[in-house]
Peer 1: 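Below is a structure I'd like to ask you about.
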Amino acid sequence: MAMPILNKSLIQSGDINTKTPIALPKQEVFDYPEKILQFGTGVLLRGLCDYFVDKANRSGQFKGRIVVVKSTSKGDADAFETQDGLFTHCIKGIDEGKEVEEYIINSSISRTLTASKEWDSIMACATSPDMQIIFSNTTEVGIQYVTNDSITAACPSSYPAKLLAFLHARWQHFDGASTAGMVIIPTELIINNGDVLKGIVLRLAADHSLPASFVSWLTESNHFCNSLVDRIVPGSPDSATSTAILGQLGYEDSLMIISEVYSLWAIQGGAEVKKILGFAAADKGVVIAEDIEIYRELKLRLLNGTHTFMCGMSYLLGFRLVKEVMANSYLSKLIMNLMLSELALAIPYKMDFKVADRFGRAVLDRFRNPFIQHKLIDITVQYTTKMRMRNVPLLLNYYQIFGKAPELFCMGFAAYLQFMHSVKEENGKYFGDSNGELYPIQCDYAGYFHEAWKDFNLTKVLADKTLWGEDLSALPGFEAAVTKYL
């Protein structure tokens with residue numbers, strides 16, 4: 001007998017016969033007004049931002065739903081319609097050393113609109129007095145300036161132009177009232193993403209010769225908030241995992257997602273932003289503060305930076321998943337010491353070490369998560385840029401503080417160089433060798449290292465400022481330590 005499909009009717013019928021405890025939505029949530037316009041249907045938005053909204057609705061602290069804008073007609077728009085925006089969120093992982101497994105039916109999404117087909121309906125949302133907030137995750141490519149992007153077209157092509165068209169329509173409808181302004185929170189992985197988005201929107205406003213009174217309203221009555229998101233949401237589970245979970249839950253759900261337990265959404269803003277973002281009070285994972293730089297530094301240096309060091313070393317040793325590395329007692333201790341005894345001490349931002357240590361230990365729990373299939377090879381994408389942006393500032397700061405080479409840093413750096421040693425080039429693509437198995441080197445500098453390894457000169461590579469922005473060969477003892485591990 002076929003299982004029923006998750007939708008509003010199934011919830012209202014009370015016919016969910018699950019073998020697993022699950023948090024069901026309350027009936028009144030379906031009557032809550034639409035307060036948020038969200039650009040993007042991706043798993044990160046649903047597993048983090050929409051999770052917080054749903055949690056706040058359950059506790060009666062927000063009482064608002066989300067209209068989701070999908071950029072194209074391809075993909076899962078039909079699934080959202082079939083399931084009335086409902087989806088199952090499986091939360092699995094380690095929290096303070098304990099295994100956690102939780103299931104929630106998220107009911108934060110009221111409807112999904114496809115921009116290319118339903119732009120008029122999206123623009124109609126601009127006239128709603130209930131609308132207060134805009135979320136987005138259009139990928140880093142989405143927040144870009146596009147010339148000649150008409151805001152009066154059937155549907156502007158870029159996200160910033162879509163946003164400008166929406167805000168201009170809202171300004172017109174409410175006669176420039178300051179109370180009609182929005183809180184706009186991009187979650188794209190761009191430093192100062194709110195400032196960048198605001199700059200592009202203002203540039204587009206100038207391109208379209210929009211009135212000075214509108215530009216004043218745009219800058220004074222709207223809040224473009226820088227934000228940082230941190231939660232591992234790998235995407236839809238594989239077929240076997242999905243079948244097993246849905247078999248326990250007793251219904252079909254093509255929108256199901258799995259995430260880790262940890263969640264952080266740091267949003268830059270003051271009292272007015274905090275008042276509008278009523279959902280933030282429901283979970284400690286939402287942080288609204290005037291300065292969120294500390295959260296960016298902690299994530300960039302301890303989570304991303306440690307990932308950058310461990311991925312090449314572990315891959316060359318035959319490991320393929322982060323959780324496999326952390327299950328190895330020797331490597332897990334090495335990674336912990338690298339993170340807490342070297343990287344945490346060299347963060348180029350003044351903070352209490354206890355804060356960094358606490359954050360780092362939470363990250364180690366996340367790395368150990370047995371439910372997340374986090375591939376090491378994926379972390380090596382753009383390896384050189386990641387090493388320069390995430391870890392070279394730590395190296396330089398470590399030298400300023402301690403005046404010597406950080407030992408485990410040197411080991412990880414040597415492993416990175418070895419990982420970049422390609423043994424095969426084919427149609428502009430480069431491949432390395434791990435115990436007889438070829439692996440792709442997905443880095444813009446793969447060609448550089450392909451040539452460099454033909455007659456490897458470590459001094460020359462370390463001294464190359466185009467790679468590092470600094471002459472790393474000038475750091476006392478660094479070259480000798482890297483040579484030892486190579």
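No experiment lies behind these values; they were computed from the predicted model shown.
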Peer 1: Mind telling me whether Phe367 and His307 have parallel, tilted or perpendicular rings, with 30° and 60° as the class edges?
Peer 2: parallel
Peer 1: Is the cationic atom of Arg320 (NZ for Lys, CZ for Arg) positioned less than 6.0 Å from the six-membered ring centroid of Tyr315 and within 45 degrees of its normal?
Peer 2: yes
Peer 1: Going by atom type alone, with no hydrogens or angles, which donor-acceptor pairs under 3.5 Å involve a side-chain atom of residues 392-400 and a protein atom two or more places apart or on another chain?
Peer 2:
from, atom 1, to, atom 2, distance (Å)
Asn397, ND2, Ala346, O, 3.0
Tyr399, OH, Ala405, N, 3.4
Tyr399, OH, Pro476, O, 2.6
Tyr399, OH, Phe478, N, 3.3

Peer 1: Would you be so kind as to tabulate the donor-acceptor pairs closer than 3.5 Å made by side chains of residues 423-431, with sequence neighbours excluded?
Peer 2:
from, atom 1, to, atom 2, distance (Å)
Glu425, OE2, Gly428, N, 2.8

Peer 1: Using 30° and 60° as the class boundaries, would you call the ring planes of Trp468 and Tyr416 parallel, tilted or perpendicular?
Peer 2: perpendicular
Peer 1: Just by distance, no angles: are the side chains of Glu407 and Tyr485 close enough, under 3.5 Å, to form a donor-acceptor pair?
Peer 2: yes
Peer 1: With a 3.5 Å cut-off and no angle check, do the side chains of Asp50 and Ser108 form a donor-acceptor pair?
Peer 2: no
Peer 1: Under a 3.5 Å cutoff, is there a donor and acceptor pairing between the side chains of Tyr448 and Asp464?
Peer 2: yes
Peer 1: Could you tell me whether the side chains of Gln83 and Ser254 share a donor-acceptor contact shorter than 3.5 Å?
Peer 2: yes
Peer 1: For the residue pair Ser136 and Glu188, confirm or rule out a side-chain donor-acceptor distance under 3.5 Å.
Peer 2: yes
Peer 1: What I want to check is whether the side chains of Asp291 and Gln268 have a donor and an acceptor closer together than 3.5 Å.
Peer 2: no
Peer 1: With the threshold set at 4.0 Å, does a side-chain nitrogen-carboxylate oxygen contact exist between Lys198 and Asp195?
Peer 2: no
